[in-house]
Amino acid sequence: MKVEITKEWCLRMAQVEAKAEIGAGLHSIDPIFDGEAMFGDSTNQDTGIAFGRFVRLMRRNKGLTLEKLAEDADLDVSELIEIEDDLHHKPELRTVYQLANFFQIPRNNLLQVAGLVTAKNDNIVTEAVRFAARSESVTALTQQERMALEEFISVLSKED
């Protein structure tokens, strides 16, 4: 089977896709990619924690629900949930671009915080870790949370 891609087909597809952002994948955005995946890099994990907290606090600061942010930034609500709740989630490139545009943050800086590119600015990594440490909520436990914790501690405290 022979597939022929014509100039007319390409132009038609460009019109169909309109203003959608198109990327060439994760490895195309890192100019110093050496063929090794970055996911084992602890720096990227540290900044990934900060990325999730950043998105949550920016969303809350603007008074938005997850659904409203997803709608306003043209994103999938399920990915926003993953970003905010899963410390190891690696967001899609398009998602970070959309969030950077929505929150009016330079894309490359937010890509570094999301762990999608190698940090070129050590200050961003340092500040991301500091932000993650300072942004954790320290509200008191509810009675139900305290009881659940105490029950779990009693199970953990038993020796085999």
Side-chain angles (χ1 to χ4, degrees), residues 19-158:
K19 296 180 180 179
E21 290 196 38
I22 301 171
L26 174 63
H27 305 301
S28 67
I29 60 173
D30 190 352
I32 58 172
F33 176 68
D34 63 0
E36 294 294 321
M38 298 182 306
F39 300 117
D41 184 356
S42 65
T43 299
N44 291 331
Q45 288 177 349
D46 293 342
T47 58
I49 294 167
F51 180 69
R53 290 204 181 141
F54 171 77
V55 171
R56 173 175 280 137
L57 292 181
M58 287 294 286
R59 175 181 63 78
R60 289 179 54 210
N61 189 49
K62 291 182 176 288
L64 300 173
T65 64
L66 281 165
E67 289 177 322
K68 183 64 174 156
L69 175 58
E71 179 184 321
D72 290 354
D74 189 25
L75 295 170
D76 186 18
V77 71
S78 63
E79 183 159 21
L80 288 175
I81 292 169
E82 289 288 320
I83 288 169
E84 289 191 8
D85 294 338
D86 182 356
L87 302 177
H88 303 291
H89 177 74
K90 290 295 177 190
E92 296 290 325
L93 177 62
R94 179 189 178 280
T95 300
V96 179
Y97 270 42
Q98 293 295 99
L99 289 170
N101 289 338
F102 185 79
F103 293 138
Q104 298 179 336
I105 303 294
R107 289 181 190 145
N108 194 45
N109 290 348
L110 201 55
L111 285 168
Q112 289 178 57
V113 174
L116 294 180
V117 296
T118 303
K120 295 178 180 121
N121 183 343
D122 288 337
N123 189 43
I124 287 179
V125 173
T126 302
E127 289 303 315
V129 172
R130 183 176 294 142
F131 167 74
R134 292 187 310 192
S135 64
E136 185 176 11
S137 176
V138 291
T139 57
L141 296 178
T142 65
Q143 184 65 27
Q144 184 178 8
E145 290 171 325
R146 182 172 281 107
M147 286 175 42
L149 179 61
E150 289 171 1
E151 287 175 22
F152 188 55
I153 289 170
S154 70
V155 170
L156 291 176
S157 299
K158 293 178 183 174

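Side chains included, hydrogens not; waters and symmetry mates left out as well; all remaining heavy atoms used.
Across all non-hydrogen atoms, the minimal contact from Ser135 to Leu57 is CB-CD1, 3.6 Å. Scanning both residues, Leu110 and Phe54, for their nearest heavy atoms gives CD1-CE2, 3.8 Å. Residues Arg53 and Ala133 come closest through the heavy atom pair NH1-N, 4.1 Å. Here the closest non-hydrogen pair linking Phe103 and Val55 is CZ-O, 4.3 Å. Heavy atoms only, all atoms of each residue included: Leu111 and Leu93 are closest at CD2-CD1, 3.4 Å. Nearest heavy atoms, Arg56 versus Asp85: NH2-OD1, 2.6 Å.
Side-chain atoms of Thr95 and Asp76, non-hydrogen and from C-beta on, never get closer than 4.5 Å to each other. Side-chain contact between Arg146 and Leu149 is absent, with no heavy-atom pair separated by less than 4.5 Å. No side-chain heavy atom of Phe51 sits under 4.5 Å from any side-chain heavy atom of Leu116. Contact of the Asp74 side chain with the Arg94 side chain is registered, since non-hydrogen atoms from C-beta on lie closer than 4.5 Å. Looking at Leu80 and Leu99, their side chains come closer than 4.5 Å, going by heavy atoms from C-beta outward. Side-chain atoms of Arg59 and Leu66, non-hydrogen and from C-beta on, do get closer than 4.5 Å to each other.
The number of heavy-atom neighbours closer than 6.0 Å to CD of Gln144, taken from other residues, nucleotides and ligands shown, is 12 or below.
Taken to the nearest 0.5 Å, the CD atom of Gln98 stands 8.5 Å off from the CZ atom of Arg107. Here CG of Asn109 is found 12.0 Å from CD of Glu127. Values are rounded to the nearest 0.5 Å. To the nearest 0.5 Å, atom OG1 of residue Thr142 and atom CE of residue Met147 are 9.5 Å apart.
Side-chain contact annotation: His89 with Glu84, donor-acceptor N/O pair under 3.5 Å absent.
Applying the salt bridge (charged side-chain N to carboxylate O under 4.0 Å, His left out) test to Glu92 and every residue at least two apart in sequence or in another chain returns nothing. Every residue two or more places apart in sequence or in another chain was checked for a side-chain contact (heavy atoms from CB on, under 4.5 Å) with Asn61, and none qualifies.
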